[in-house]
Amino acid sequence: MSTDDNIFLATNRPLRGVATWLEETLGLEPVEISDAEEGVYRFSADARTVQGDIYLTIEPNVYGEIDPEPEDVSAIDRYQGVVDVYYAGRKSEELQEQEARLVFDDLARTQPDVAMILSHNMAFMTAAYLPGVGVHSFPRGTSLDVKDIDAWRPWVVG
């Protein structure tokens with residue numbers, strides 16, 4: 001089962017500004033992280049569709065490559081930030097995905113100049129938002145990796 005889903009963000013805004021935007025847009029409450037590295041922000045909120053909480057952690061994207069070899073290209077390479085979305089209620093992969101998708105949809109609707117990718121299990125592409133183009137949902141099992149580049153290339157920052 002997935003422990004979290006991720007929203008990758010392509011923005012030149014500092015992560016503190018991204019954290020403020022998320023806090024205001026989603027009505028989040030700051031959560032203190034005793035051992036957090038600088039530039040890492042955590043928030044919580046009530047889940048939207050079920051009882052429980054969601055936690056969002058905003059941090060730099062250390063998973064993408066700046067100049068990857070062709071065989072190592074990933075959809076998330078040009079995205080500077082990542083938001084980990086974790087549903088802390090009854091353990092259910094379906095609820096986890098559902099709550100993450102609602103966060104993604106709200107962010108895409110309220111920040112039209114920020115490109116985003118919603119991934120599941122840090123392996124599969126669920127949806128992407130590209131400014132001026134809109135939101136696209138991907139078939140289940142679409143990889144973030146180069147093997148599915150033809151499916152995701154038109155929907156990511158290149």
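Just so we're clear, the structure is a prediction, and the values are computed from it rather than from any experiment.
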Walk me through it: do F43 and I58 pass the test side-chain contact (heavy atoms from CB on, under 4.5 Å)?
-> CA-CA 9 Å; F43 299 93; I58 300 105; 3.5 Å; yes
Which hydrophobic side chains are connected to V157, either touching it within the sub-4.5 Å cutoff or through other members that do?
-> F8, V62, Y63, V73, I76, Y79, V82, I117, M122, M125, L130, V133, F138, L144, V146, I149, W152, W155, V156
Does the pair D105/R101 count as a salt bridge with the N-to-O cut at 4.0 Å?
-> yes
For R13 and G17, work out which heavy atoms get closest and say how close.
-> CD-C, 3.6 Å
Are F124 and M116 linked, directly or through other ILVMFWY residues, by side chains that come within less than 4.5 angstrom of each other?
-> no
Backbone N or O of E94 within a donor-acceptor pair of the Y87 side chain at under 3.5 Å?
-> no
Note: D84 and E59 closest approach over all heavy atoms is OD2-OE2, 2.6 Å
Shared hydrophobic cluster for V114 and L102 (ILVMFWY, side-chain gaps under 4.5 Å) | no
Do side-chain atoms of Q80 reach the backbone of N12 as a donor and acceptor pair under 3.5 angstrom?
-> no
Ignoring hydrogens and angles, tell me if any N or O in the side chain of D77 forms a donor-acceptor pair with the backbone of E65 under 3.5 Å.
-> yes
Derivation of the side-chain contact (heavy atoms from CB on, under 4.5 Å) call for L107 and L26 = CA-CA 8 Å; L107 296 180; L26 301 172; 4.1 Å; yes
Is there a side-chain contact between V85 and F104, using heavy atoms and a 4.5 Å cut-off?
-> no
Value for CD (Q111) from CG (L9), rounded to nearest 0.5 Å, stands at 9.5 Å
Taking all non-hydrogen atoms of both residues, which atom of G27 and which atom of A45 are closest, and how far apart?
-> O-CB, 4.4 Å
Given E23 and Y41, is the side-chain contact (heavy atoms from CB on, under 4.5 Å) satisfied, shown in steps?
-> CA-CA 10 Å; E23 182 178 12; Y41 307 93; over 6 Å; no
Residue pair P112 / P131: nearest heavy atoms and the distance that separates them | O-CB, 3.2 Å
Backbone N/O of V103 and side chain of D106: donor-acceptor pair under 3.5 Å = no
H120: which of R140, E93, Q96 passes side-chain hydrogen bond (donor to acceptor under 3.5 Å, both in side chains) | E93
When rounded to the nearest 0.5 angstrom, what is the spacing between CD1 in I7 and CG in L118?
-> 5.5 Å
What's the shortest heavy-atom distance between A100 and D5, and which atoms?
-> CB-CB, 3.6 Å
CD of E29 to CG of D46: how many Å apart, nearest 0.5 Å?
-> 9.5 Å
With distance as the sole test, does R153 use its side chain to make a donor-acceptor pair with the main-chain N or O of D148 at under 3.5 Å?
-> no
When you measure from the side chain of E99 to the backbone N and O of Y86, does any donor-acceptor pair fall under 3.5 Å?
-> no
How long is the span from the CG atom in D72 to the CG atom in D67, to the nearest 0.5 Å?
-> 11.0 Å
For the residue pair V50 and A47, what are the closest heavy atoms and their distance?
-> O-CB, 3.4 Å
